[in-house]
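In what follows, a structure is listed as structure tokens, so that the remarks can point back to it.
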Amino acid sequence: MRRRLTAFLACLFLGASLAANAGPAEDRKALTEHYKQRLPGVKFEDYVLGALALNKDALDQYESIMIFPPFVNDVDEGRKTWEKPFKNGKKLASCFDGGGKNVAGNYPQFDNASGKVVTFEGALNACLKANGEAELKYGSTVMGLLVSYTKSLSDGMKVNVKVEGPAALAAYEKGKTHYYSRRGQLNFSCATCHIDNVSNFVRSEQLSPMIGQAAHWPEFRAGTELTTLQRRFQQCNSQTRAAPLEFNSEEYNNLEYFLTYMSNGLPMQTPVFRK
Amino acid sequence: MRKKSTLMFALIAGLGTANLSMAVEGAKEPAGRTVAFNKAKGNCLACHAIPNDPKAESPGNIGPPFIMMKERFPDRNKLRAQIWDSAVANPKTAMPPFGKHQILTEQEIDQVVEYVLSL
């Protein structure tokens, strides 16, 4: 009898934990299946390449540019910020495990204390604040270059975003709702283009799959034009005549949380060139 | 010459938009085509190929190509409704609701309809 009860309770517990985790894992599985069907010739790891994975010529061009990336000097500017000692003698690296190597793929994280999503940029600023240093402006060049360097320390790390607990799940769900909601005069959702129409062409631009999209930032467009992930959100919003939101706004952070979760398991490429 | 164009203008104004295709016949660029090609207006080329129009370069392929449109849309109103709000026919559509969201004016939609029917 006792054994039975234990088994019953175990089942209940298992059921409950499955139900609690079902959302994100199932969403990811369903999307992975969708892309497998729509992009039969593309290897899963190559989703990180975005639209380049769909076009051999563009990929060849990309690879030849990445032999001597035009943005090495920019990234080196970011290294200087990373290595600059605080007034208390510590450095940014002191706030991260392993001196900041292979940590960026763990972001965004849900912070239960504040009830908010913290991006990697947010973690860098939290470190500055905790050490009595001035925070950097979100969306600024100095922040973007710092992230370019610090993410380069996680090049190849597998994206590993966790959604644990009801508050984290709620933030994930908000990001997901944003992704699937139509907005602006042209009435597009992100999903209209990157899920429903993946690999189709908008004029001469081929649409990349959303899985992999969050794993390769920042980008240096046209060689040296620094573009962060949230800047890209703003660009996609503006191009479809929807109002772009603020950097580090709760809504964009939730969107980044949802989007990055979908790239879980993929090796990061940071930073990269894009045309 | 001036008299002629005044007359023409009166004709267009008088007949309204329904006979626009007749009025612009012989003109260099049909109004509907300008609206359809303009990126800030119809931008139809973002998604539709126009195989019979040599100027329709590097189109997207999100929507079906404009071809034999008169045959496929014997009912002009149906074509207009598709452009005015494509979500009525397909709630999951990728096509913007040009009339409903006032991306184009009613007159511009009529012009585009004429152009599309000519393809």
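Keep in mind the model is a prediction, meaning the values are calculated, not measured. Here is how names work: the chains are called A, B, and so on, in the same order as the sequence lines, proteins then strands, and each is numbered from 1.
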Donor-acceptor under 3.5 Å (A/Asn187 side chain, B/Pro96 main chain):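 Judged by distance alone, no pair lies under 3.5 Å.
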Main chain of B/Ile103, side chain of A/Arg241: is a donor-acceptor contact present, judged purely on distance under 3.5 Å?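 Not confirmed, A/Arg241 side chain does not pair with B/Ile103 backbone.
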Distance from [X] atom [atom1] to [Y] atom [atom2], nearest 0.5 Å?
X: B/Lys100; Y: A/Gln185; atom1: NZ; atom2: CD; answer: 13.0 Å
X: A/Ser204; Y: B/Leu45; atom1: OG; atom2: CG; answer: 11.0 Å
X: A/Arg203; Y: B/Asn61; atom1: CZ; atom2: CG; answer: 12.5 Å
X: B/Ile62; Y: A/Leu207; atom1: CD1; atom2: CG; answer: 5.5 Å
X: A/Asn197; Y: B/Cys47; atom1: CG; atom2: SG; answer: 7.5 Å

Residue part contacting chain A, namely of B/Lys92, when any heavy atom lies under 4.5 Å: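 Answer is both: backbone and side chain atoms of B/Lys92 are under 4.5 Å from chain A.
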Can you establish whether the number of heavy atoms outside [X] located under 6.0 Å from its atom [atom1] is more than 12?
X: A/Gln235; atom1: CD; value: yes
X: B/Gln102; atom1: CD; value: no
X: A/Glu45; atom1: CD; value: yes
X: A/Met66; atom1: CE; value: yes

Taking the side chain as every heavy atom from C-beta outward, state whether A/Leu186 and B/His101 have any atom pair closer than 4.5 Å.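 A side-chain contact under 4.5 Å is absent here.
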